Amino acid sequence: MKHNDAPDAHAPARSPNGRPSGLPSPTPARENRLLAALSPLAYKRLLPHLKRKYFETGETLHEPYAPVERIYFVLSGVVSLRLFTANGGYIDIALVGNEGVIGIAGILLSNWPLFAAQVLIVGEALEISPQALQSALRRSRRLHDLLLNYTYLLSEQIGQGVACLRYHSNEQRMARHILEIRERVAANPYHLTHAEIATVFGRSRSLITGGAKALKSKGLIDYSPGEIKITDLEGLKAASCECYEAIIQKIYSQATFRS
Ligand SMILES: [Zn+2]
């Protein structure tokens with residue numbers, strides 16, 4: 001594969017490219033961090049192929065067991081990668097915000113994802129066809145590296161989630177999930193129902209409500225139907241398991257690192 005991307009020294013100063021270990025406050029979710037990490041030349045080449053899309057909560061961006069036809073660089077909001085079981089159950093295996101891209105299977109040999117991509121929190125994305133993205137990849141080593149790296153980080157996020165499901169308490173995971181979404185939406189409060197949270201845990205609404213009650217009784221969050229508000233951010237971080245920091249730090253410090 002031939003790459004003729006501009007050198008990294010010419011990279012734009014329009015966006016922070018990483019997140020230091022101290023996890024400072026999140027970047028306002030109005031641009032995609034992968035696209036922002038491209039050189040001006042690579043970004044300019046992509047622009048004619050990018051189309052802005054608004055998505056609604058519950059909207060499906062791609063189905064399971066079917067080829068991906070459109071790829072989305074998320075600008076704002078949160079999308080869940082959702083795995084369905086044969087008996088009708090489902091669980092969210094990873095979240096994607098403006099640090100990532102939806103439908104990366106569309107440019108791979110194995111374009112037949114087992115999971116669906118469904119919108120958890122309303123937002124925007126820049127969509128592109130797999131063919132146009134493939135063409136851009138052949139011309140930009142930087143874009144190629146960013147997407148390959150992101151795919152790996154996504155696998156780590158899913159792996160961390162498996163350990164979390166096995167070893168961490170409902171309350172810890174509830175705290176982690178609320179914090180993970182906060183990082184991506186940069187809003188407080190944000191709208192999310194208990195039923196939507198339950199999909200991330202694969203557990204019943206009663207257990208989720210129990211976890212939320214425990215966090216509320218400690219003064220860490222407040223909630224009303226459809227809305228969750230963080231009232232003690234540092235306390236909520238302390239109540240979370242280590243998965244929150246592991247996942248968020250990886251995503252924000254290593255998704256756009258420079259080689
Ligand atoms: Zn955990």
Side-chain angles (χ1 to χ4, degrees), residues 18-26 29 74 77-85 89-100 114-115 117-118 120-121 149-190 192-223 228-255:
R19 169 165 278 207
S21 58
L23 293 180
S25 58
V74 179
V78 182
V79 179
S80 291
L81 303 186
R82 186 164 291 173
L83 197 66
F84 292 84
T85 62
Y90 57 87
I91 185 170
D92 290 357
I93 55 172
L95 301 178
V96 181
N98 76 323
E99 83 285 355
L114 294 179
F115 53 82
Q118 294 186 328
L120 192 64
I121 293 183
N149 188 62
Y150 177 72
T151 304
Y152 172 71
L153 291 178
L154 198 57
S155 73
E156 289 200 317
Q157 185 184 165
I158 295 169
Q160 189 80 42
V162 172
C164 194
L165 188 62
R166 172 68 177 82
Y167 290 106
H168 297 149
S169 71
N170 191 51
E171 185 179 327
Q172 285 178 308
R173 298 176 62 231
M174 182 77 175
R176 169 205 150 192
H177 181 58
I178 292 170
L179 289 167
E180 268 198 60
I181 291 182
R182 171 192 168 273
E183 292 284 339
R184 292 177 167 97
V185 301
N188 188 30
Y190 58 77
L192 199 66
T193 66
H194 287 162
E196 288 161 351
I197 291 176
T199 65
V200 180
F201 295 96
R203 293 185 179 187
S204 69
R205 286 185 63 178
S206 61
L207 278 174
I208 301 308
T209 303
K213 278 183 178 171
L215 295 175
K216 184 178 180 179
S217 70
K218 294 176 180 175
L220 306 179
I221 66 168
D222 197 5
Y223 61 87
I228 292 177
K229 183 179 183 179
I230 298 172
T231 49
D232 180 353
L233 179 59
E234 292 310 312
L236 193 61
K237 287 180 180 179
S240 171
C241 50
E242 72 267 22
C243 301
Y244 158 66
E245 187 136 347
I247 289 172
I248 292 300
Q249 188 160 339
K250 277 287 226 177
I251 285 174
Y252 284 97
S253 68
Q254 297 183 15

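These figures come from a predicted structure and were not determined experimentally. Counting convention: from 1, in listed order, for ligands and their atoms alike.
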Check: Looking at CG of L81 and CG of D92, how far apart are the two atoms once the value is rounded to the nearest 0.5 Å?
Finding: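 Reported to 0.5 Å precision, the distance equals 8.0 Å.
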
Grab the two heavy atoms, one from [X] and one from [Y], that are nearest each other, plus how far apart they are.
X	Y	result
G161	R176	CA-NH1, 4.2 Å
I93	I158	O-CG1, 3.6 Å
I221	A212	CD1-O, 3.8 Å

Note to self: At less than 2.8 Å, how many protein N/O/S atoms surround the Zn ion (ligand 1)? Leave waters out.
What the structure shows: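 For the Zn ion (ligand 1), protein nitrogen, oxygen or sulfur atoms under 2.8 Å: 4.
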
Checklist line | Check: A175 main-chain N/O paired with S240 side-chain donor or acceptor under 3.5 Å | finding: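 Checked: no pair found.
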
Checklist line | Any donor-acceptor pair under 3.5 Å from R184 side chain to L95 backbone | finding: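 Side chain of R184 to backbone of L95: a pair is present.
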
